[in-house]
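Just below is one structure, and these are the notes that go with it.
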Amino acid sequence: MDFPTRYEPKLVEKHWYKFWENQGYFTPNLKSKKPRFCIVIPPPNITGVLHMGHALNGTLQDIIIRFKKLQGYETLWLPGVDHASIATHNQIEKLLAKQGKTRFDIGREEFLKLAWEWKDKHANIILDQLKSLGAACDWTRTRFTMDEQLSRAVREAFVRFYEKGLIYKAYYIINWCPRCHTSISDLEVKYKESATKIWYIKYPLKTDSGEIVAKNYIVVATTRPETMLGDTAVAVNPNDERYKSLIGKKAILPLVNRVIPIIAEETVDVEFGTGAVKVTPAHDPVDFEIGKKHKLEVVKVIDEDAKITEQAPLKYQGLSREKARELIVEDLATQGYLEKVEDYSHRVGTCVRCETLIEPLVSLQWFLKTKPLAEPAIKKVEDQSIRFYPQRWTKVYLDWMYNIRDWCISRQLWWGHRIPAFYCDDCNNLMVTREDPKECNKCHSKNIRQDEDILDTWFSSALWPFSTLGWPDDTEDLRQFYPTNLLSTDPDIIFLWVARMIMTGLEFVKDIPFKDVYIHSTVLAETGERMSRSKGIGVDPLLLIDKYGACALRFTLAYLETESQSYRFWEKKVELGRNFANKIWNAGRLISMYLETAENREERHSLNSIISTLKDPIDIWIFNRYFQTVESVTNALERYAYSHAASALYTFFWDDFCDWYLEICKIRLRNNDKIVLDVLKIIFENVLILLHPFMPFLTEELWHRFNYQPTSSILDAVWPKVDNTEKQILHLQSSAISLFETLQKLVTGIRNIRAEMNISSDKKVTCLINTQDKTLKEYLLAAIPAKIIKELAKVSEIESSDHRPSQSSVVIIKDLEVYIPLTGVINFEKERKRLEDELQTVQKELDKINNLLANDDFLTKAKPSVVEREQERKMKYEDKIKRLRAAIASLG
RNA sequence: GGGCGAUUAGCUCAGUUGGUUAGAGCGCUUGCCUCACAUGCAAGAGGUCACCUGUUCAAAUCAGGUAUCGCCCACCA
């Protein structure tokens with residue numbers, strides 16, 4: 001088979017993806033006896049294109065799905081897309097704007113037609129992009145939040161909530177986006193620091209006679225003077241000495257001349273502003289509450305277009321809120337009501353979608369009572385039925401849930417699930433039904449019409465984990481895969497989505513929607529800012545896949561994914577993954593070359609059959625390292641420690657397997673030591689399995705180059721396990737492992753000296769092994785290890801020696817000494833200084849150890865193994881000092 | 001105002017229950033195109049672990065506090 005020296009992702013990725021998909025590897029077998037494992041994808045918006053957040057979350061979910069599949073689970077990763085009500089509206093309104101139209105010009109029906117066209121055109125784009133990442137989603141189960149069945153789920157949920165009395169319709173202060181022309185929930189308001197002003201306005205006090213007395217007034221401070229038109233009270237703190245006497249009196253609202261009460265309100269901060277607050281129940285959430293408490297009039301002076309209403313004085317009616325502010329301030333000033341104006345900076349609410357300033361206003365909306373739903377949802381997290389990873393998010397979730405507020409679920413938009421509420425125009429009857437009613441169920445009038453509003457997008461998302469599995473029908477999918485196992489998402493939507501899924505899942509399916517919630521890091525741009533396509537900040541994952549391959553990107557992302565809240569990411573970092581992929585590729589290439597040569601083309605032995613026959617310390621060492629890696633990768637993935645898993649694989653494969661084991665194999669093979677072929681094949685193939693969740697395409701390709709069965713996939717393989725007996729066998733040979741580790745240190749030490757002292761590679765160097773440890777000496781001087789030392793450290797001769805150092809440089813590697821005789825090359829002064837420095841360091845260290853060992857507390861309280869280790873160190877260091885002194889003396 | 005993170009090498013970050021000489025990648029220096037890989041190999045330099053005070057035989061790690069940065073929540077008009 002052709003085996004190029006570079007791994008070329010483009011040549012293999014498309015092919016293997018099709019292969020997996022066509023062979024049904026992503027579709028679970030509902031008849032199998034295996035345990036189930038399911039992830040339901042956070043549905044991307046149909047308006048979206050794959051960004052780094054998707055790429056990261058897609059990678060993480062795919063890693064777990066493939067890991068679980070290899071571990072023997074029947075897995076389902078269920079994909080889908082969200083109709084994204086407001087986001088889609090924005091897109092279509094943009095299209096309309098190009099023709100100078102608004103959605104109101106073309107009407108609901110025409111608008112919905114355009115929206116469905118948009119959906120048909122765009123929904124698949126992001127899903128296809130997910131495929132290029134390698135996502136093992138079951139595309140036969142792709143769902144859309146507005147599918148017939150999912151819409152039925154939404155309606156069922158709404159009706160059940162309503163019947164239970166959890167959904168109500170009320171006039172309430174809500175966040176209104178004048179641009180989107182809809183209400184939005186508290187969570188969709190984004191607060192931004194804004195530099196503005198604060199105006200101090202004098203409100204004259206009403207005297208008993210009713211005249212306005214110039215010096216008799218109360219001053220209120222406001223950042224929104226235009227709302228004063230709707231003021232219906234002034235509130236002061238009942239404990240505020242300045243105003244105590246005014247409570248119960250009346251003030252006269254300037255410009256409007258309304259008489260408004262001065263009321264006592266404990267929440268008023270005495271320190272802030274003047275300590276007196278204007279109260280505008282119709283346009284401020286806090287004031288709304290105050291208004292309710294004090295039964296104040298609600299005067300709505302700003303309408304849904306952010307214009308002044310007819311409830312305001314004629315002069316201001318129809319003005320925009322900005323214009324009205326200007327004029328009102330001007331009028332206040334000319335009429336002497338404006339005390340002063342100060343610069344002020346505070347946070348103003350904006351629409352998360354379009355950044356328009358939010359107008360809080362009173363409006364008739366649908367709400368979902370959340371307290372009764374939150375209770376069980378809190379319990380399931382408190383008792384750890386649902387676990388957050390990293391754990392700290394648990395508190396974030398709980399804090400929000402403890403203080404949860406009712407959810408405004410109606411939106412004055414068109415694209416979405418229309419509220420299944422019907423009104424009878426004749427008798428005003430309200431019907432909430434599963435089927436569209438044909439007539440009024442009270443007066444049988446046919447004059448009925450459906451509520452115009454639709455539901456918040458997140459209402460359907462809240463049902464996603466079970467609506468996608470078939471709910472409200474009792475489906476096989478639902479029975480087999482609910483509760484799902486993992487929900488992986490970003491921190492932004494813990495409240496918007498995660499919390500609500502838990503509440504609805506418990507309410508409707510009577511069980512948690514998922515067991516684990518993994519909250520991944522936020523990928524930031526190189527500058528530390530959030531990536532933003534519109535601002536041109538950040539990188540495009542699709543370009544990275546195109547340039548470096550999906551495996552490179554995936555591995556890099558996993559490698560960087562730790563528990564921290566965010567990390568910076570830029571293109572250059574993908575080279576880590578790309579280089580690693582290439583390293584794996586080339587190791588595969590080398591091993592396959594060995595296995596392919598005519599004389600080696602025999603059946604290789606299995607792990608079980610060779611494990612107990614292993615004799616060479618090098619083989620024992622590499623198997624030991626391999627087993628450690630299997631364990632740490634498995635453990636890490638079980639607790640979503642992606643970075644740990646990735647770096648364990650990286651280090652093992654590159655440092656241990658390639659740089660040491662493979663290099664040594666070359667030498668051993670030249671000496672006809674054929675057992676390495678078995679070891680190479682066993683370890684390489686198993687590491688491919690371990691690597692597969694991270695690098696699916698690369699590992700599949702290599703798998704096929706080692707297993708000549710065109711119909712099977714690496715996904716059919718079995719995740720490596722560490723057998724206890726295998727572990728024991730190796731454990732008994734720990735002395736063998738340390739033999740090889742000493743050889744490593746020796747080689748490194750010699751290389752070090754050579755490089756440091758600039759000894760050219762053609763210079764002949766003899767290595768004298770001088771140690772009291774007989775086993776060690778025997779091992780190092782044996783034929784193969786000696787060859788290894790010679791080749792790896794570029795030593796020409798290797799001999800046993802009991803000499804004390806004479807005129808030479810000295811390397812000390814623990815209790816082992818290596819003398820490299822060098823005529824005329826050595827710099828004695830430099831060498832002496834180096835030795836003296838080392839002597840000093842070692843002496844210091846020894847002093848520390850001695851202190852420690854003289855300490856009774858240490859001896860009694862420290863673990864025995866630690867004490868033992870310190871005692872060993874002491875002996876080693878004392879020995880070392882002796883030898884260093886001797887070496888220094890020998891230099892003359 | 002509250003909560004949560006972060007602060008470790010020039011840069012970006014690891015550091016799993018306190019315990020040998022604090023690690024990696026990139027960058028840098030030196031030497032190598034060694035017949036898997038220059039997307040590579042070998043060697044090296046580089047750190048008062050933000051600061052203070054404690055706890056402990058022992059602190060990057062634990063406690064308390066300070067500073068700076070970031071994220072989230074909250075009704076300061």
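By convention in this document, chain letters (A, B, ...) are assigned in the order of the sequence lines, proteins followed by strands, and residues within each chain are numbered from 1.
Between K190(A) atom NZ and C71(B) atom C1' the separation is 9 Å, expressed in whole Å. For the pair Y650(A) OH and A24(B) P, the computed distance is 11 Å after rounding to whole Å. The distance between atom CD1 of I664(A) and atom C1' of U34(B), rounded to the nearest whole Å, is 16 Å. Regarding Y402(A), its OH atom lies at a distance of 19 Å from the P atom of C73(B), rounded to whole Å. Between F569(A) atom CZ and G25(B) atom P there is a gap of 18 Å when expressed in whole angstrom units. Taking atom CZ of R751(A) as the reference point, atom P of C41(B) lies 11 Å away to the nearest angstrom. Atom-to-atom, CD of E563(A) to P of A14(B) comes out at 10 Å; the value is rounded to the nearest Å. With rounding to whole Å, Y661(A) atom OH is found 16 Å from A36(B) atom C1'.
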Subject >> Verdict with supporting geometry, K293(A) and E265(A), salt bridge (Lys or Arg N to Asp or Glu O under 4.0 Å) >> reply: CA-CA 10 Å; K293(A) 207 162 116 190; E265(A) 180 55 46; 3.2 Å; yes
**OP:** For the pair E342(A) and K197(A), evaluate salt bridge (Lys or Arg N to Asp or Glu O under 4.0 Å) and give the outcome as yes or no after the intermediate values.
**Re:** CA-CA 5 Å; E342(A) 286 172 356; K197(A) 298 200 185 311; over 6 Å; no
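In terms of heavy-atom proximity, S194(A) sits nearest to V348(A) at CB-CG2, 3.8 Å.
A cation-pi contact links R500(A) to W407(A), judged by a cut-off of 6.0 Å to the six-membered ring centre and 45° from its axis. For the pair R668(A) and W660(A), the cation does not sit on the ring face, since its NZ or CZ is not both under 6.0 Å from the ring centre and inside 45° of the axis.
Considering only side-chain N and O atoms, R578(A) lies nowhere under 4.0 angstrom from the phosphate OP1 or OP2 of U39(B). Contact between the side-chain N/O atoms of K583(A) and the OP1/OP2 oxygens of C41(B) is found at a separation under 4.0 Å. Taking only side-chain nitrogens and oxygens, R405(A) comes nearer than 4.0 Å to OP1 or OP2 of C75(B). For A14(B), the OP1/OP2 oxygens have a side-chain nitrogen or oxygen of T562(A) closer than 4.0 Å. Remark: Y191(A) is not in phosphate contact with C73(B), judged by side-chain N or O atoms under 4.0 Å from OP1 or OP2. Contact annotation: S521(A) does not reach the phosphate of C71(B) (side-chain N/O to OP1 or OP2, under 4.0 Å). In this model, the phosphate group of A77(B) is approached by a side-chain N or O of H346(A) to a distance below 4.0 Å at OP1 or OP2. Under 4.0 angstrom from either OP1 or OP2 of C13(B) there lies at least one side-chain N or O belonging to R568(A). In terms of phosphate contacts, W654(A) brings a side-chain nitrogen or oxygen within less than 4.0 Å of OP1 or OP2 of C41(B).
As judged by a 4.0 angstrom heavy-atom cut-off over every strand, D287(A) is placed among residues making no nucleic acid contact. When heavy atoms are screened at a 4.0 angstrom cut-off, E663(A) is found touching base atoms of the nucleic acid. Within 4.0 Å of R6(A), counting heavy atoms only, lies at least one base atom of the nucleic acid. Residue-level contact check: T651(A) touches neither bases nor backbone, having no heavy atom under 4.0 Å from any strand. Contact annotation for V279(A): no contact, since no heavy-atom pair falls under 4.0 Å across all strands. No engagement by T280(A) is indicated, since no non-hydrogen atom pair under 4.0 Å with the nucleic acid exists. In this structure, Y344(A) reaches the sugar-phosphate backbone alone: every heavy-atom distance under 4.0 Å involves primed, P, OP1 or OP2 atoms, never a base.
Between G3(B) and A50(B), the distance separating the two C1' atoms is 22 Å to the nearest Å. Nucleotides C62(B) and G15(B) have their P atoms positioned 12 Å apart, rounded to a whole Å. The gap from the P atom of C28(B) to that of U39(B) amounts to 14 Å, rounded to the nearest Å. Separating the P atom of U48(B) from that of G5(B) is a span of 27 Å, rounded to the nearest Å. Here the separation of A67(B) from A24(B), taken at their P atoms, is 35 Å to the nearest Å. With C1' as the reference atom, C57(B) and U20(B) are 16 Å apart, rounded to whole Å. Only the P atoms considered, C11(B) is 32 Å distant from C73(B), to the nearest whole Å.
A salt bridge links R530(A) with D492(A): the distance from a Lys NZ or Arg NE/NH1/NH2 to an Asp or Glu carboxylate oxygen falls below 4.0 Å. Between R705(A) and E701(A) there is a salt bridge, since at least one side-chain N of the basic residue sits less than 4.0 Å from a carboxylate O of the acidic one.
Contact check for K10(A) versus D546(A): side-chain heavy atoms found under the 4.5 Å cut-off. Using a 4.5 Å heavy-atom cutoff, the side chains of I262(A) and Y203(A) are not in contact.
The side chain of N579(A) approaches G40(B) more closely than any other nucleotide in the set G40(B), A77(B), A43(B). When distances are taken from the side chain of F272(A) to each of C37(B), U12(B), C76(B), the shortest belongs to C76(B).
Where pairing requires Watson-Crick or G-U contacts shorter than 3.5 Å, the helical stems of RNA chain B with at least three consecutive pairs are B:1-7 with B:67-73, B:10-13 with B:23-26, B:28-32 with B:40-44, B:50-54 with B:62-66.
Ring centers of H520(A) and Y518(A): at least 6.0 Å apart, outside the cut-off.
Near RNA chain B, meaning a heavy atom under 4.0 Å away, the residues from residues 388-398 of chain A are R392(A), K395(A).
Residues Q565(A) and Y559(A) both approach RNA chain B. Their nearest nucleotides, taken by heavy-atom distance, put Y559(A) toward the 5′ side. Mapping N752(A) and H644(A) onto RNA chain B by nearest heavy atom places H644(A) at the nucleotide closer to the 5' end.
Environment of CZ in R242(A): crowded, with over 12 heavy atoms of neighbouring residues, nucleotides or ligands closer than 6.0 Å.
Qualifying salt bridge (Lys or Arg N to Asp or Glu O under 4.0 Å) partners for D406(A), counting only residues two or more places apart in sequence or in other chains: none.
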